[in-house]
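What follows is a short report on a single structure.
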Protein chains: 4
Amino acid sequence: VAGTRLLLIDCPDETGLIYRISGVLYRHGHNIVSNHEFVDRSVGHFFMRTEFTGLAPAAPVLGELRRRLPAGATVRLAPTGTRCIVVMATLEPHCLGDLLLRHASGELPARIAAVISTHEALAPLARRFEIPFHQVSPAYRTREVHEKEIASVLERYRPDYLVLAKYMRLLTPAFVAEYANRIINIHHSFLPAFAGANPYQQAFARGVKIIGATAHLVTAELDAGPIIAQGVLPVDHSYTAEDMTRAGRDIEKIVLALAKAVRLVLEERVFLHGSRTVILE
Amino acid sequence: VAGTRLLLIDCPDETGLIYRISGVLYRHGHNIVSNHEFVDRSVGHFFMRTEFTGLAPAAPVLGELRRRLPAGATVRLAPTGTRCIVVMATLEPHCLGDLLLRHASGELPARIAAVISTHEALAPLARRFEIPFHQVSPAYRTREVHEKEIASVLERYRPDYLVLAKYMRLLTPAFVAEYANRIINIHHSFLPAFAGANPYQQAFARGVKIIGATAHLVTAELDAGPIIAQGVLPVDHSYTAEDMTRAGRDIEKIVLALAKAVRLVLEERVFLHGSRTVILE
Amino acid sequence: VAGTRLLLIDCPDETGLIYRISGVLYRHGHNIVSNHEFVDRSVGHFFMRTEFTGLAPAAPVLGELRRRLPAGATVRLAPTGTRCIVVMATLEPHCLGDLLLRHASGELPARIAAVISTHEALAPLARRFEIPFHQVSPAYRTREVHEKEIASVLERYRPDYLVLAKYMRLLTPAFVAEYANRIINIHHSFLPAFAGANPYQQAFARGVKIIGATAHLVTAELDAGPIIAQGVLPVDHSYTAEDMTRAGRDIEKIVLALAKAVRLVLEERVFLHGSRTVILE
Amino acid sequence: VAGTRLLLIDCPDETGLIYRISGVLYRHGHNIVSNHEFVDRSVGHFFMRTEFTGLAPAAPVLGELRRRLPAGATVRLAPTGTRCIVVMATLEPHCLGDLLLRHASGELPARIAAVISTHEALAPLARRFEIPFHQVSPAYRTREVHEKEIASVLERYRPDYLVLAKYMRLLTPAFVAEYANRIINIHHSFLPAFAGANPYQQAFARGVKIIGATAHLVTAELDAGPIIAQGVLPVDHSYTAEDMTRAGRDIEKIVLALAKAVRLVLEERVFLHGSRTVILE
């Protein structure tokens, strides 16, 4: 809704939180447009995502909320304005292409500032959509030097988020720490099954009857970050690993892009909670 | 959660509703355990389902809420205690059997008081689970007389809900009115496709690639009541109408019984809103 | 498999058909690489799709098969070489964009020769992918004149198939007859539910809990052609008709394009059988 | 189809296999009613399941097939007559109950001869359906002694298959070898994710957005046997491990019982192929 602001709160659970929070908004002349809350009872933690309207400045609201909420509360307003993302890819065009198409048709609630790839292959695709493309090859250098070169490209764009659209290299913990909780990856399996390399080959060898894709936030440990969205697809014995790869592309695109991971993150619906996510839709 | 009560509100939407409602509960010493609200913006209507704890009597809370909420508000406490249902069936055992199994294992949040069928065929199944079985045959009498005989059986049990578990006869508007919004039916198609008789035969003839089942509240118009839950299943050209019937049984059971329609209704999660439902899970 | 040819047969069912057909191939020195057959027992009809290799010319094989199969048999070899398609669209970019992306990455087993649209809006998208774009406006002329203008554009490309990628106008029976069984349409509902205009608005009004999309061959009767593929998506009370439209886009793309309708048709997997399809995968 | 027999073949792939096999059947006066074949090209292996009718004795057909097929061929006729199964369970009633219901309504293509459980809890359920129930407690004895006692119960029934309907104990390799490829288990996760104990607790901890169930043949290695069928269910952050357990029950039942694993095995549709299955439906 136009003119709305977005309030994001998480704190230890207590009696009367909704009353306190809605009261603060009410007394400052704000109106709650939509409201989602969740209490994780197993650990007694409260999460809330509130869209509100009202002309009064938000700073006093935040101040009063911080005073009235339990110690340890996180209270923040989502930034207004379009978020900026940089997409990182390797060779496969389907996830990048899908993001570029959605971006071009105004479907993505963000601006794609640039594409970075280890190879030249996707340059024509980025150019079709007039998005700057940077090849940063890992050849003849250490992982640290490679990432330093990527970082210097990123420096120009200062993205809010990195989207790994089938970026097939490991990132170092140092690089990940720089973009903590701001790197979204699509993994081409139903995690935690088939973490690591060649998941479709692994899935074929195990003879599974369903394959999947997982969008997750990247942490220092490979394929172990908090899961945002997952999707699946039935397969049968007639699928080779290559058939699974082909069939999996669509579920990868959807899980990553659409109604799903990127949108959920951009709309500030993903709350992190240990190794799990709370998603307030 | 043990000791909780359930408050159900719907009313025209206004500024500050959540603050007002949570304030009333708070001042009476009640604590909100879980809370779901939804605003249908297209018509400006507010729905809320709140579980709360607290020792104070509820009547003053309801009185104060009714005074403070907009005109036209519905404010009610869900009845405590186990709800009572009567299952009506015809010849097919799978939906009835599934309900009886769940009932026997304590999975159903209700008591099945009796089974009514037009035929004798399901009597042994009801007896296996020690549930009273009543055959009320439609033979040699008018629809009105038949329904009067059913009503006189129901009189003994005074059920909160009727569950039509593949009951294959039309009910008159007068009978439906007697149990307004308290009759749950399973229709063996993905409504509104294939309303009326022989939906699997219709689905076969149309050559669809997905079949489904729909649980809905019964209204005077056939297969047109508000939808509670739907499920689907892929099929292909090799399925005859009989194969679809067989395959459809499981989706009928699940849509009807489980995580789905009956549970949603029994847990007071289904709000009616014109010809649509709002389901607060 | 490279070097394979594709034999497509349908005929009244009889004893020994597989033996006869495989014998003819064997005696001519051909090897069956893959074979799918289906017998519709309800009407006694046999369908077969066979990939075979072998250097001998195919004409004698076809001649012998026609002599040995029951009267009424259809026996044909799929044309070799890339098939040519023209995409028709109106304003929405997602289905067209998805087809163009797959085409550009070599994923589509066909060549997109041109895009025809009633509006100018999609011209930039077609140009990004260097595909000829033709606007043929329906303004200020009759439906017949409009279709005559479309036909004269098509004349240049002589496509094997037309793909209606959210083309929002009715086609006359005369136009459809010209491309009998060669027009693939995507309808944005789970047909036969919500045929005609504004299916998402209809779905919202009916309060369904699942929405879908249907790819079908176009016949003279609106939205009644044989169904090739269908897909579904869960929705809930919080979805407006606009939300359903947005969510539906992805299922439309997938059902239309990918693993699905266009590929099935292009790979000659779709056999027509009255108002139903037999799909040999 | 009544009066049909079922021929099951697998062998190294070669040119002309279908012609040879259909020729043998044809010359012996048999008619192929339905036929499914599959070639695993990655290893060059051929699988075929053929239903045929005809009055001639089958032994000469088998003999001739064995002479004409490549070395290493497995050629067998499925036994006619009803197969016999024994169900093993522990405490949870849902899978056992579902099998008993299907059995009672004639939906299961097999006879349930008995139920064996480590506990007494499920005895009333088995008795409702008049199926012999045997408690074989593991208390105060070694695993070997326990299995010897189970074996002595099984000795009475000589089942074709054992169905582990949430049987929560490990079986020794010796026991498994006794029923090689004849033990069907339901595992309550989407294998290979969450093998071993407490899969729903593991799924909760990992924060997955989809849970599943897997029916597989039991081998000596825990949860590593060839997969027959899998099913999934979406979950979200609001599901506790207990909620997942409850929601998972239905998918377990369906994957195990219905259209799925037990039926596939009983209808001789499951071909084993290393650690994978080929399923000819």
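What you are looking at is a predicted structure, and each value in this text was computed from that prediction instead of being measured. Within every chain, numbering begins at 1; the chains are lettered A, B, ... in the order of the sequence lines, protein sequences first and strands thereafter. These numbers come from the heavy atoms of this one structure, side chains and all, not from hydrogens, waters or symmetry mates.
Counting heavy atoms of neighbouring residues, nucleotides and ligands inside a 6.0 Å radius, atom CD of Q202(D) exceeds 12 of them. Atom CD of E14(D) is surrounded by more than 12 heavy atoms from other residues, nucleotides or ligands within 6.0 Å.
Atom OG1 in T214(D) sits 8.0 Å away from atom CZ in R206(A) (nearest 0.5 Å). Rounded to the nearest 0.5 angstrom, K209(D) NZ and F190(A) CZ are separated by 11.5 Å.
Heavy-atom distances place no part of T240(D) under 4.5 Å from chain A, backbone and side chain included.
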Query raised in the report: Would L191(D) and V208(A) satisfy side chain to side chain contact (heavy atoms under 4.5 Å, CB included), going step by step from the backbone distance to the final call?
Result: CA-CA 8 Å; L191(D) 286 175; V208(A) 292; over 6 Å; no
